Amino acid sequence: MKKQIILLLLGITLTASAQKHTARHASDKGKPCAKCDNPYKRYTQDLPFQMPEVAAPQFPDRKVNLKDFGAIGDGITLNTEAFAKAIDALSAQGGGKLVVPAGVWFTGPIQLKSNINLHLKVGAVILFSGDDKLYPIIKTSFEGLDTRRCQSPLSANGCENIAITGHGVIDGNGQYWRPVKKSKMTDNQWKEVLSRPGGVESKKGYWVPSQGYADAEKNADMNVVKASSEAEWNNYKRFLRPVMISLVNCKNVLLQGVIFQNSPAWNIHPLMCENIILDNVLARNPAYAQNGDALDLESCKNALIVNSKFDAGDDGICIKSGKDADGRRRGRPCENVVVDGCTVFAGHGGFVVGSEMSGGVRNILVKSCQFLGTDVGLRFKSTRGRGGIVENIFIRDISMTDIKTDAITFNMYYGGKSVAEMLADGDNPDNTTKAPVTEETPIFRNIDIQDVVCNGAGRAMEFNGLPEMPIQGINLKNIVIKAKKDATFTNAENITKKNVHVTIE
């Protein structure tokens, strides 16, 4: 009897302690709980560089349902106001979970606030309108340059403790925004594109969604356009297609379980964010999606990209840090990143660094990933004018099949084309004439690549560095590649090879 009383009292004490612990952290307004069991801790242990532990944000135990704010999930009713009201109401209470139930929730742009978890139930589809009138032109960054673009369908700026979770789909209706090349489509797909209202074939085999888009493209430099008046900006609006998920200057971010698809430009774009986790997401775009990158992690610090899948019209998993003078002025490297257990099905590159890397890239681990049918497997790219240093990149246990061009490539002459396009066009840059070394000279060094198997590639490897700044200190160990062409090394110094086997098929 005495023993039972002691156990009972002990149970009451432990329960009270647990309740206090839960209440204390529920009141922390989303701050990650350092004392809680962190399932992501293992990803930052035993790394070849120093990186702090990254934990998912915690949210108050409070939730609201989107339908309670007048939303109708019929795929027709515009729910922009309902989303805004729900987020404002939840934010005013200190945050929590905004539940999006099953249905097709047609909407204009959504702006998240701190301490909000946007949670999609099974069967929930957030479908963004393709009406450009709903998306105001804002100052932002695109492809590493400071510019103006349309507001992103889903965005957060300067927020802390935010999440997009669940089992639903977020669809950007990108076909209303993107240009299309006939060469990338089937005949039936091309006929469907030509039938879309408002679009024009600006040149043979190249369709754009409006005449204003065609006008802007004539005045653009690598997707960045200049305009002299607001009327001109508005005429160019379709050209100013936004990234779908824009997270700028945010801290403690979780994207988990959701499908992100059909983006106007890049799919997921965290910019200058800290402590960010992507876990078990699928980011997908049609293979013909122009600038349809799946993930562009730009100038971010302390990031985990784990157990996720990417199927892209451009690069799959891409690390960036700004472009040219704008990127150097920002001076924010992308650093402390772990990519683990991910799959890339298609796209210009499986894992990619650049070409916008002017702020630097360092301390990256990529492991246990598979690239299936991408144009390139491991892709490093830059060009004169960028500047920036890419270093301390560690790549382990990579499996590749059906790589269209290079299994591994370092190209310091990037001009906006995929490797397949460069080969098709017969591009042959001058890699013998030196230029002066300045702050605009990109540097790639100290990159360790081990335990890679590639069954089928157009070429095993291509290293094409600058004569004034060769690629330096690349370690290749336990590499097995079956390819149509052997590896080539130009302007590359201190390249070590151990147990590297290339079989020419």
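One-based numbering along the sequence shown. Keep in mind that what you see is a predicted model, and the values were worked out from it rather than measured.
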Could you grab the distance from atom CD1 of I245 to atom CG of L278, nearest 0.5 Å is fine?
->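 That separation rounds to 10.5 Å.
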
Output the distance between atom NZ (K113) and atom CD1 (I162), rounded to the nearest 0.5 Å.
->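 That separation rounds to 13.0 Å.
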
Please check if the number of heavy atoms outside [X] that lie under 6.0 Å from its [atom1] is greater than 12.
{"X": "D221", "atom1": "CG", "result": "no"}
{"X": "E505", "atom1": "CD", "result": "yes"}
{"X": "Y176", "atom1": "OH", "result": "no"}

Is any side-chain heavy atom of [X] closer than 4.5 Å to a side-chain heavy atom of [Y]?
{"X": "V337", "Y": "L365", "result": "no"}
{"X": "M469", "Y": "P442", "result": "no"}
{"X": "D340", "Y": "I305", "result": "no"}
{"X": "D315", "Y": "K381", "result": "yes"}
{"X": "E53", "Y": "N302", "result": "no"}
{"X": "V243", "Y": "N267", "result": "no"}
{"X": "R384", "Y": "Y413", "result": "yes"}
{"X": "R379", "Y": "H348", "result": "yes"}

[options] screened by side-chain contact (heavy atoms from CB on, under 4.5 Å) with [X], the one that passes:
{"X": "C273", "options": "N249, L297, L247", "value": "L247"}
{"X": "V54", "options": "I277, V338, L254", "value": "I277"}
{"X": "L295", "options": "V281, L255, I317", "value": "I317"}
{"X": "D451", "options": "N478, I398, I395", "value": "N478"}
{"X": "N157", "options": "V248, I138, T140, L271", "value": "V248"}

Distance-only donor-acceptor check, side chains [X] and [Y], under 3.5 Å:
{"X": "H269", "Y": "S246", "result": "no"}
{"X": "N219", "Y": "E217", "result": "no"}
{"X": "S368", "Y": "R396", "result": "no"}
{"X": "T496", "Y": "N475", "result": "yes"}
{"X": "D375", "Y": "T405", "result": "no"}
{"X": "S91", "Y": "N115", "result": "no"}
{"X": "D279", "Y": "Y40", "result": "yes"}
{"X": "Q261", "Y": "R284", "result": "yes"}
{"X": "E462", "Y": "T488", "result": "no"}

Where is the tightest heavy-atom contact between P153 and Y135, given as atom of each residue plus distance?
->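 Result for this residue pair: CA-CE2, 3.9 Å.
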
Should the pair E335-R362 be classified as a salt bridge under the 4.0 Å nitrogen-to-oxygen rule?
->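 Result for this pair is yes, salt bridge flagged.
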
Which pairs count as ring-ring contact (aromatic ring centres under 6.0 Å, His included) when at least one residue sits in residues 473-505, sequence neighbours excluded?
->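 For residues 473-505: F463-F489.
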
Could you go through the salt bridge (Lys or Arg N to Asp or Glu O under 4.0 Å) check for D146 and K139 one step at a time?
-> CA-CA 7 Å; D146 297 333; K139 291 183 179 180; over 6 Å; no

Single hit among K323, K320, R330 for salt bridge (charged side-chain N to carboxylate O under 4.0 Å, His left out) with E298 =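 Of the listed options, the one satisfying the test is R330.
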
Please say whether the positively charged group of R149, taken as NZ for Lys or CZ for Arg, lies over the ring of F142, i.e. under 6.0 angstrom from the six-membered ring centre and within 45 degrees of the axis.
->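 Satisfied, under 6.0 Å and within 45°.
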
Output all residues satisfying side-chain contact (heavy atoms from CB on, under 4.5 Å) with A424, sequence neighbours left out; order by chain, then residue number.
->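 For A424, no residue satisfies side-chain contact (heavy atoms from CB on, under 4.5 Å) once neighbours in sequence are set aside.
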
Ring center gap for F128 and W177 short of 6.0 angstrom =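 Ring-ring flag for F128/W177: false, centres at least 6.0 Å apart.
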
All pairs passing salt bridge (charged side-chain N to carboxylate O under 4.0 Å, His left out) where residues 386-395 contributes a residue, at least two apart |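 Pairs touching residues 386-395 that pass the test: D324-R386, E391-R445.
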
